[in-house]
2 protein chains.
Amino acid sequence: MGKPIDIGRALAHLPLFQQLRESEISQLAAGTSEVGLSKGRILFQKGTLLDSFYAVVSGQIKLAFSSPQGNEKVVSIVGPGQSFGEAVMFLEKPSLVFAQALEDSHLLSIAKRGIFAAIDRDSAFARRMLAGLSVRLHGLIQDVENYSLHSSTERVIGFLLQLAGAPANGSIDIELPASKHIIASRLNLTPETLSRVLHNLSESGLISVKGKCITVVDVISLSQFNGMLYSLPYSS
Amino acid sequence: MGKPIDIGRALAHLPLFQQLRESEISQLAAGTSEVGLSKGRILFQKGTLLDSFYAVVSGQIKLAFSSPQGNEKVVSIVGPGQSFGEAVMFLEKPSLVFAQALEDSHLLSIAKRGIFAAIDRDSAFARRMLAGLSVRLHGLIQDVENYSLHSSTERVIGFLLQLAGAPANGSIDIELPASKHIIASRLNLTPETLSRVLHNLSESGLISVKGKCITVVDVISLSQFNGMLYSLPYSS
DNA sequence: GCCGGCGCTTGATGTAAATCAAGGCGCACC
DNA sequence: GGTGCGCCTTGATTTACATCAAGCGCCGGC
């Protein structure tokens with residue numbers, strides 16, 4: 001799993017900890033350890049209690065539900081610089097999701113005690129932590145909105161636009177952050193439907209697809225496409 | 001909208017603030033105001049920025065999405081002692097939902113500045129705030145799980161069991177916390193489907209329904225019913 | 001008491017997406 | 001250069017739920 005990492009350095013790079021002093025970082029570092037995880041490995045199962053949370057240094061982690069019938073639903077795909085597990089850590093309740101590496105990954109495991117110490121010492125840090133959870137909450141609400149109010153095509157478009165980032169006009173190239181069946185699950189679709197939706201958008205001339213690479217021909221008209229959905233047959 | 005309320009007293013009763021000192025409460029009280037809202041009134045629209053959050057003293061508030069096509073999807077039904085809007089306040093981004101009174105209601109509007117002051121002064125309060133947001137997050141993830149992995153019947157059963165509270169065995173009486181079409185929307189169902197599901201459960205002898213009052217005949221077998229779902233025709 | 005409206009139920013029909021079932025296509029490995 | 005194997009696509013069929021369309025019962029007003 002590669003060479004060990006300078007934990008302090010890695011911590012200081014995380015958005016959450018950007019504004020901590022050197023001394024605070026090193027205190028946090030005392031409670032954090034490096035975790036190497038090779039592709040496919042499970043970090044924790046659904047039902048686990050956490051007394052640390054995780055930050056991704058490199059690689060990619062998926063958070064997902066598993067149903068007794070063996071179905072699986074991806075809730076979130078977490079990449080470098082992002083973190084997960086805070087809420088479960090604070091709550092001291094079993095996690096509803098499991099975490100699995102999509103690629104060989106390096107994580108930091110940051111102990112609760114260190115975080116609590118940082119909160120005690122620095123109320124600005126506490127606020128940043130609150131803001132972080134709020135962002136998470138906001139995202140989740142957006143997901144709920146997507147699942148319950150938007151069609152499959154709308155969800156795919158929304159996802160592409162989100163990947164595209166800033167609403168520039170003109171064309172943008174995007175690389176899907178994971179294999180299509182993972183993306184499909186993230187969007188609450190089967191791989192088959194994702195494929196068909198992509199095909200349709202492609203036929204309509206709005207995007208072109210080549211493996212994991214998608215180029216959005218015109219961001220504006222893609223984002224306006226929602227309005228014309230009624231006029232489209234399901235497949236053609 | 002009734003007589004004014006002792007704001008300090010009301011604040012002290014909220015779970016979030018239980019452990020604050022008298023002096024802290026009165027400082028918070030300085031930044032909070034009472035809001036009376038009659039049934040059907042909208043507290044804030046989707047898109048609003050909040051610089052306070054709200055706690056329900058009496059009555060009931062619904063948080064919901066509205067889609068351009070006029071559909072509406074209830075995200076949450078908030079009752080006395082509960083609060084909402086924290087995440088939007090911390091984030092300083094427009095709210096994704098709107099808030100509307102389902103009954104004549106009394107709320108407290110608690111200003112951001114007061115909360116920040118409390119966080120600065122008392123790190124235990126900051127932790128409680130973090131725990132509060134974590135609970136919210138956990139609930140939302142559970143919703144996502146329900147929407148994406150469970151059938152309509154399973155969602156209804158889950159909801160009933162949640163209302164029933166502790167997993168006692170034997171029978172329990174429940175009163176639905178709102179009209180059926182609100183509940184249906186909360187569960188991502190149409191009123192028609194909710195009605196049919198309730199009817200089926202009723203015919204199977206698991207519950208009996210009389211208006212808003214539902215008695216779960218046997219909590220255990222209701223919670224085990226999920227397993228036998230495959231054997232049931234959709235309606236009969 | 002009767003009337004009107006609203007919330008709920010019930011039935012018939014429609015439909016978006018899932019599921020089932022084959023292929024094709026790239027890619028690593030022998 | 002094949003050969004095998006995931007990953008993706010494509011088509012046919014099924015299905016859970018929504019939608020559309022009546023009725024029904026209950027409650028409040030006159």
Side-chain angles (χ1 to χ4, degrees), chain A residues 39-40 67 69-74 102-103 146-157 159 175-203 207-214 226 229-236, chain B residues 39-40 62 67 69-74 102-103 146-157 175-203 207-214 226 229-236:
Chain A
K39 179 172 173 168
S67 82
Q69 296 82 33
N71 306 342
E72 199 173 294
K73 153 64 181 135
V74 175
L102 290 176
E103 310 168 357
N146 281 327
Y147 299 151
S148 54
L149 241 37
H150 298 323
S151 70
S152 55
T153 305
E154 290 171 308
R155 296 206 293 277
V156 172
I157 291 178
F159 184 74
E175 182 172 358
L176 293 180
S179 69
K180 288 191 181 152
H181 81 274
I182 298 284
I183 304 286
S185 172
R186 172 72 248 270
L187 296 172
N188 246 9
L189 299 173
T190 55
E192 292 95 326
T193 7
L194 176 59
S195 177
R196 288 189 246 263
V197 169
L198 253 19
H199 181 88
N200 285 347
L201 291 176
S202 186
E203 279 213 326
I207 64 174
S208 77
V209 184
K210 184 159 200 174
K212 288 192 170 189
C213 294
I214 296 185
N226 292 339
L229 275 179
Y230 61 88
S231 60
L232 269 200
Y234 169 50
S235 73
S236 77
Chain B
K39 179 171 174 170
K62 90 171 181 213
S67 83
Q69 295 82 33
N71 307 341
E72 198 173 295
K73 152 65 181 136
V74 174
L102 290 176
E103 309 168 358
N146 282 327
Y147 298 151
S148 55
L149 241 36
H150 298 322
S151 70
S152 55
T153 306
E154 290 170 308
R155 296 206 293 277
V156 173
I157 290 178
E175 182 172 357
L176 294 180
S179 71
K180 285 189 184 155
H181 82 274
I182 297 284
I183 304 287
S185 172
R186 170 71 249 269
L187 295 172
N188 245 11
L189 298 173
T190 55
E192 292 94 327
T193 329
L194 176 58
S195 176
R196 289 188 244 264
V197 168
L198 254 19
H199 181 89
N200 285 345
L201 291 175
S202 186
E203 278 215 326
I207 64 175
S208 75
V209 184
K210 184 159 200 172
K212 288 192 169 190
C213 294
I214 295 186
N226 292 340
L229 275 179
Y230 60 87
S231 60
L232 271 200
Y234 168 50
S235 70
S236 75

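Here is how names work: the chains are called A, B, and so on, in the same order as the sequence lines, proteins then strands, and each is numbered from 1. Keep in mind it's a predicted model, so treat the numbers as computed, not measured.
- Side chain of S195(B), nearest nucleotide from dT10(C), dA17(C), dC17(D): dT10(C).
- Contact between the side-chain N/O atoms of T190(B) and the OP1/OP2 oxygens of dA18(D) is found at a separation under 4.0 Å.
- An OP1 or OP2 oxygen of dA16(C) is reached within less than 4.0 angstrom by no side-chain nitrogen or oxygen of S151(A).
- Looking at heavy-atom distances under 4.0 Å, N71(B) makes no contact with the nucleic acid at all.
- Using a 4.5 Å heavy-atom threshold, the side chains of N200(A) and T153(A) count as separate.
- Closest to the side chain of R196(B), out of dA12(C), dT19(C), dC8(C), is dA12(C).
- The distance between atom OH of Y147(A) and atom P of dA17(C), rounded to the nearest whole Å, is 14 Å.
- When the P atom of dC27(C) is taken as reference, atom NZ of K212(A) falls 12 Å away, rounded to whole Å.
- I183(A) has its side chain within reach of P177(A): a pair of non-hydrogen atoms, C-beta onward, lies under 4.5 Å apart.
- In this structure, N188(B) atom CG and dA16(C) atom P are separated by 17 Å, rounded to whole Å.
- Of the candidate nucleotides dA17(C), dT9(C), dT9(D), dT9(D) has the atom nearest to the side chain of K180(A).
- Atom NE2 of H181(A) is separated from atom P of dA18(C) by 15 Å (rounded to the nearest Å).
- Candidate nucleotides dT19(D), dC20(C), dC8(D) were compared by shortest atom distance to the side chain of E192(A), and dC20(C) ranks first.
- One interatomic measurement links the two molecules: CG of L176(A) to P of dC7(D), which rounds to 15 Å at whole-angstrom precision.
- Contact check, T193(A) against dA17(C): no side-chain N or O comes under 4.0 Å of OP1 or OP2.
- Within the 4.5 Å cutoff, the side chain of S202(A) has no heavy atoms near those of the I214(A) side chain.
- With dC8(D), dT10(D), dT9(C) as the candidates, the nucleotide lying closest to the side chain of H199(A) is dT10(D).
- Across all non-hydrogen atoms, the minimal contact from R155(A) to N188(A) is NH2-O, 3.1 Å.
- In this structure, the NE2 atom of H150(A) is 18 Å from the C1' atom of dA18(D), given to the nearest Å.
- Taking CD of E72(A) as the start and CG of L149(B) as the end, the distance is 10.0 Å to the nearest 0.5 Å.
- I182(B) has its CD1 atom 10 Å from the P atom of dG7(C), to the nearest Å.
- Nucleotide dG11(C) holds its P atom 11 Å from the CG atom of N200(B), rounded to whole Å.
- Distances shorter than 4.0 Å separate none of the side-chain N or O atoms of S152(B) from OP1 or OP2 on dA16(D).
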